[in-house]
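Quick note: residue numbers are just sequence positions, from 1.
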Amino acid sequence: MFRFVAILYFLSVTMVHAEQYQSQRLFSHKAWGVDLTHDTIDGAMWCSAETKNRSSQTFSITVYPNGGLTVFVFDYDWAISERNIDFIIDVDYSRWNMRGKASGISVSVSVKPGPETGKFVNELAAGGAVALYNRDLRRLATFSLAGSKAALLKLTECWDAIKADAADPFKSQADPF
């Protein structure tokens, strides 16, 4: 009986989560895809460019209407305690020391727009591979950057669209005009 109740609970939570977030694939090229996601409960929108490797790990760059940009690495085999962490993102042997967050199945770092962020994104667009290392220099994941330039250009288009949408103070879901 307990097992049945647990399964029903899991299914109901999964269904609510699936209904809350609606994603649309905008673009796929080589190893990369770009998605637009809408949170149907609070109305938030974001765009993500991501790639997966053979180990089913995901490298994602997510942008928000407020100008924020977050880099995520997901691995469903991880069980990381929530905390601040230091890690390295290596783009074709160009090392980027990051101070970010770890939680559950992911590590992430949020960065502000600026020259360094632009340089990092340009390296991703021009590179061949990106790797994640822990602070002990142990490689935890590697991803192909094949198709990243086209995906990052599409991500920028998506970002521009959601920024413009967020800037319209008269827009609403029930807008009769």
Side-chain angles (χ1 to χ4, degrees), residues 10-11 13-40 44-64 68-83 85-111 117-162:
F10 175 75
L11 289 174
V13 169
T14 303
M15 288 174 59
V16 168
H17 179 72
E19 292 173 6
Q20 180 178 355
Y21 300 107
Q22 296 177 346
S23 290
Q24 177 182 359
R25 176 60 47 114
L26 302 176
F27 180 79
S28 291
H29 182 64
K30 296 184 181 178
W32 284 75
V34 176
D35 294 328
L36 169 64
T37 302
H38 176 245
D39 183 331
T40 60
M45 297 180 86
W46 57 89
C47 303
S48 299
E50 66 181 37
T51 185
K52 292 185 186 292
N53 62 20
R54 291 182 181 163
S55 299
S56 296
Q57 296 169 309
T58 303
F59 180 86
S60 174
I61 301 167
T62 302
V63 292
Y64 305 94
L69 181 145
T70 302
V71 176
F72 293 96
V73 179
F74 297 98
D75 185 328
Y76 288 98
D77 290 335
W78 290 342
I80 309 169
S81 58
E82 190 169 330
R83 65 185 187 278
I85 60 164
D86 294 319
F87 58 93
I88 298 166
I89 295 181
D90 182 300
V91 183
D92 290 344
Y93 303 104
S94 174
R95 297 255 162 117
W96 292 83
N97 294 308
M98 304 288 185
R99 178 126 184 102
K101 297 193 181 295
S103 181
I105 62 168
S106 70
V107 295
S108 64
V109 62
S110 295
V111 295
T117 300
K119 182 179 176 189
F120 175 72
V121 172
N122 284 336
E123 284 188 16
L124 288 172
V130 60
L132 170 70
Y133 290 85
N134 67 11
R135 66 178 174 210
D136 297 328
L137 297 179
R138 188 177 70 161
R139 188 173 59 204
L140 303 173
T142 304
F143 303 91
S144 171
L145 290 174
S148 62
K149 182 176 183 177
L152 291 169
L153 289 171
K154 188 55 121 176
L155 179 68
T156 301
E157 289 175 18
C158 182
W159 193 8
D160 288 342
I162 64 172

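- Summarising the geometry, atom CG belonging to Leu26 is positioned 10.0 Å from atom OG belonging to Ser48; distances are rounded to the nearest 0.5 Å.
- Remark: Arg138 CZ is loosely packed, at most 12 non-hydrogen atoms of other residues, nucleotides or ligands lying under 6.0 Å away.
- Counting all heavy atoms, side chain and backbone alike, Tyr133 lies closest to Phe87 at O-CB, 3.4 Å.
- Judged by distance alone, with hydrogens and angles left aside, the side-chain atoms of Asp35 form no donor-acceptor pair with the main-chain N or O of Ala49 at under 3.5 Å.
- Listed for the Glu19 side chain is no donor-acceptor partner under 3.5 Å among the backbone atoms of Thr40.
- When side chains are defined from C-beta on, Val71 counts as touching Phe120, because their heavy atoms get closer than 4.5 Å.
- Residue Gln57 holds its CD atom at 11.5 Å from CD1 of Ile105, rounded to the nearest 0.5 Å.
- With hydrogens and angles ignored, the 3.5 Å screen pairs no side-chain donor or acceptor of Ser56 with any backbone N or O of Lys52.
- The nearest pair of heavy atoms linking Glu82 to Ser103 is OE1-OG, 3.7 Å.
- Remark: the backbone N or O of Phe74 is not paired with any side-chain donor or acceptor of Thr58 at under 3.5 angstrom.
- Ring planes of Phe143 and Phe59: tilted class, angle from 30 to 60°.
- The shortest non-hydrogen separation linking His29 to Gly147 is CD2-CA, 3.6 Å.
- At distances below 3.5 Å, not a single donor-acceptor pair connects side-chain atoms of Asp90 with backbone N or O atoms of Ala131.
- To the nearest 0.5 Å, atoms OG (Ser148) and CG (Leu155) are separated by 11.5 Å.
- Atom SG of Cys158 and atom CE of Met45 lie 7.5 Å apart (nearest 0.5 Å).
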Item to complete: Could you please spell out the steps behind the side-chain contact (heavy atoms from CB on, under 4.5 Å) verdict for Leu69 and Ile61?
Response: CA-CA 7 Å; Leu69 181 145; Ile61 301 167; 4.0 Å; yes

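- Across all their heavy atoms, Arg25 and Val34 have their closest contact at CD-O, 3.5 Å.
- A 4.5 Å side-chain heavy-atom check between Gln20 and Asp39 finds at least one atom pair inside the cut-off.
- Closest non-hydrogen pair, Trp32 versus Ala146, comes out as CD1-O, 3.0 Å.
- Of all non-hydrogen atoms in Ser108 and Thr70, the two that sit nearest each other are CB-CG2, 3.9 Å.
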Practice prompt. In sequence, state the C-alpha distance, the side-chain angles, and the governing distance for Val130 and Leu124, and then conclude on side-chain contact (heavy atoms from CB on, under 4.5 Å).
Written response: CA-CA 7 Å; Val130 60; Leu124 288 172; 4.0 Å; yes

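- Around CZ of Arg54, the count of heavy atoms belonging to other residues, nucleotides or ligands within 6.0 Å does not exceed 12.
- Separating the CD1 atom in Ile85 from the CG atom in Asn134 is a distance of 9.0 Å, to the nearest 0.5 Å.
- Within the 3.5 Å criterion, the main-chain N or O of Gly104 finds no donor-acceptor partner in the side chain of Trp78.
- Looking only at side-chain heavy atoms (C-beta outward), Leu137 and Ile88 come within less than 4.5 Å of each other.
- In this structure, Ser106 OG and Tyr76 OH are separated by 9.5 Å, a value rounded to the nearest 0.5 Å.
- More than 12 heavy atoms of other shown residues, nucleotides or ligands fall within 6.0 angstrom of atom CZ in Arg95.
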Discussion item. Show, in sequence, the C-alpha distance, side-chain angles and deciding distance for Val91 and Leu145, and conclude whether the side-chain contact (heavy atoms from CB on, under 4.5 Å) test is met.
Written reply: CA-CA 9 Å; Val91 183; Leu145 290 174; 3.9 Å; yes

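- Judged purely by atom type and a 3.5 angstrom limit, Asn53 uses its side chain to pair as donor or acceptor with the backbone of Ser55.
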